[in-house]
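Notes follow once the structure below has been shown.
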2 protein chains.
Amino acid sequence: MIFRLNPASGHPLYLQLMEQVRHAVETGVLQDGDLMPSIRTLAEELVISHNTVAKAYMELQHEGLLELRHGSGAYISAPRSGKARAAKLLKAQTRVRSVVEDLLDDDFSADEIRRLFEAQLIHSTVSVRKP
Amino acid sequence: MIFRLNPASGHPLYLQLMEQVRHAVETGVLQDGDLMPSIRTLAEELVISHNTVAKAYMELQHEGLLELRHGSGAYISAPRSGKARAAKLLKAQTRVRSVVEDLLDDDFSADEIRRLFEAQLIHSTVSVRKP
DNA sequence: CATTCTGTACCAATACTGTGGTACAGTTTG
DNA sequence: CAAACTGTACCACAGTATTGGTACAGAATG
């Protein structure tokens with residue numbers, strides 16, 4: 001697993017790490033039972049404090065996505081998604097890739113694209129969608 | 001203009017406000033010369049400190065997006081986009097809306113959708129795209 | 001059993017964010 | 001001119017994020 005953190009993004013590092021682990025699990029890159037790199041090892045790779053990694057791991061444990069075994073390691077804890085879900089995900093990823101690349105080709109910046117999506121998400125989720 | 005801030009998002013409020021002003025300008029909702037609400041008025045509407053709004057305004061001024069006139073007000077300062085750009089933008093917004101709503105209908109959460117896009121953006125912009 | 005790995009738990013220091021308050025200075029309005 | 005608006009500039013305070021350090025405790029390995 002390779003994680004890419006951006007210290008200049010203004011986003012807390014431990015949250016960035018959590019997001020990427022979540023996404024890796026959602027996309028099946030990390031699966032139930034997988035052993036995560038140790039806190040110190042990952043901290044060294046990402047050039048951040050071990051405390052920052054520890055915080056991310058603990059938060060993920062609270063979410064039920066990670067199981068921390070003292071002395072042993074950090075293990076992914078997530079039910080494997082069904083075939084239907086996996087198919088939906090694949091379609092979603094393909095579609096997202098297509099849109100993002102087209103927008104980049106149309107000279108929209110990454111930040112502009114983020115804002116377009118963020119604005120749409122805020123607009124589409126102001127109230128409950130599936131009552 | 002209506003701005004929606006989310007104090008629980010972990011994103012600094014002044015940055016959220018900046019993003020929304022930027023987006024409003026990019027989409028033409030705010031145009032060159034438009035007068036923004038006064039610092040104190042907007043602070044009251046958003047129920048945040050006037051210092052937070054002032055910080056956002058000053059940062060936007062540094063970016064050249066806003067012109068602060070002492071005693072007068074805060075004025076949008078942005079070249080109006082051409083017709084071609086406006087057309088691109090409209091198509092982009094339509095497409096983004098379509099994808100987001102479909103994903104929401106497919107039971108992806110707003111956060112999952114954010115991660116899908118963020119992962120794609122990170123992946124598509126690791127190096128220069130238009131050399 | 002001893003070493004070495006693992007997670008866990010502190011602490012002090014620094015920086016950023018946001019608040020609430022006060023005050024000053026420029027512009028507009030009546 | 002005077003009042004009421006504007007941006008600007010401080011301050012002290014609390015909360016959070018992150019770092020670097022040290023240390024302890026459980027598990028795996030030889």
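The sequence lines fix the lettering, A, B, ..., with proteins before strands; numbering per chain opens at 1.
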Check: Any side-chain N or O of B:Tyr57 less than 4.0 Å from the OP1 or OP2 oxygen of D:dG7?
Finding: no

Item checked: B:Thr41 side-chain proximity, nearest of D:dT6, D:dT18, D:dT8 -> D:dT6

Next item on the list: Check every atom of C:dG21, C:dC24, D:dA27 against the side chain of B:Asn51 and return the nucleotide holding the closest atom.
Entry: C:dG21

Notebook entry, point to check: Starting at the 5' end of DNA chain D and moving along, which residue's nearest nucleotide shows up first, A:Val47 or A:Tyr75?
Noted result: A:Val47

Item checked: Nucleotide nearest A:Ile39 (side chain, heavy atoms from C-beta), chosen from C:dT8, D:dT8, C:dT17 -> C:dT8

Check: Do B:His50 and C:dG18 have a side chain to base donor-acceptor pair shorter than 3.5 Å?
Finding: no

Checklist line | Ionic contact status for B:Lys91 with A:Asp106, cut-off 4.0 Å | finding: no

Notebook entry, point to check: With a non-hydrogen cut-off below 4.0 angstrom, is A:Ser49 in contact with a base, only sugar-phosphate, or nothing?
Noted result: base

Checklist line | B:Leu5, B:Thr41, B:Ile2 screened by side chain to side chain contact (heavy atoms under 4.5 Å, CB included) with B:Leu46, the one that passes | finding: B:Leu5

Check: D:dA23, C:dT27, D:dT19: which one has an atom nearest the side-chain heavy atoms of B:Ser72?
Finding: C:dT27

Next item on the list: May I ask you to check whether over 12 heavy atoms, not counting those of B:Gln31, lie within 6.0 Å of atom CD?
Entry: yes

Next item on the list: Answer yes or no as to whether D:dA27 has its base stacked against A:His70, where stacking requires a ring-centre separation under 5.5 angstrom and planes under 30 degrees apart.
Entry: no

Notebook entry, point to check: What nucleic acid atoms does A:Ala54 come within less than 4.0 Å of, heavy atoms only: base, sugar-phosphate, or nothing?
Noted result: nothing

Margin query: Quick check for you: among D:dA17, D:dT19, D:dT8, whose closest atom lies nearest to any side-chain atom of B:Met58?
Written below: D:dT8

Margin query: Check the phosphate of D:dA17 against A:Lys55, side-chain N and O only, distance under 4.0 Å to OP1 or OP2. Yes or no?
Written below: yes

Margin query: Please determine whether a side-chain nitrogen or oxygen atom of A:Thr52 lies at a distance below 4.0 Å from atom OP1 or OP2 of D:dT19.
Written below: yes

Checklist line | Point-to-point distance, once rounded to the nearest 0.5 Å, from CE of A:Met36 to CG of A:Leu68 | finding: 10.0 Å

Next item on the list: Please confirm whether any donor atom in the side chain of A:Arg69 sits under 3.5 Å from an acceptor in the base of C:dT8, or the reverse.
Entry: no

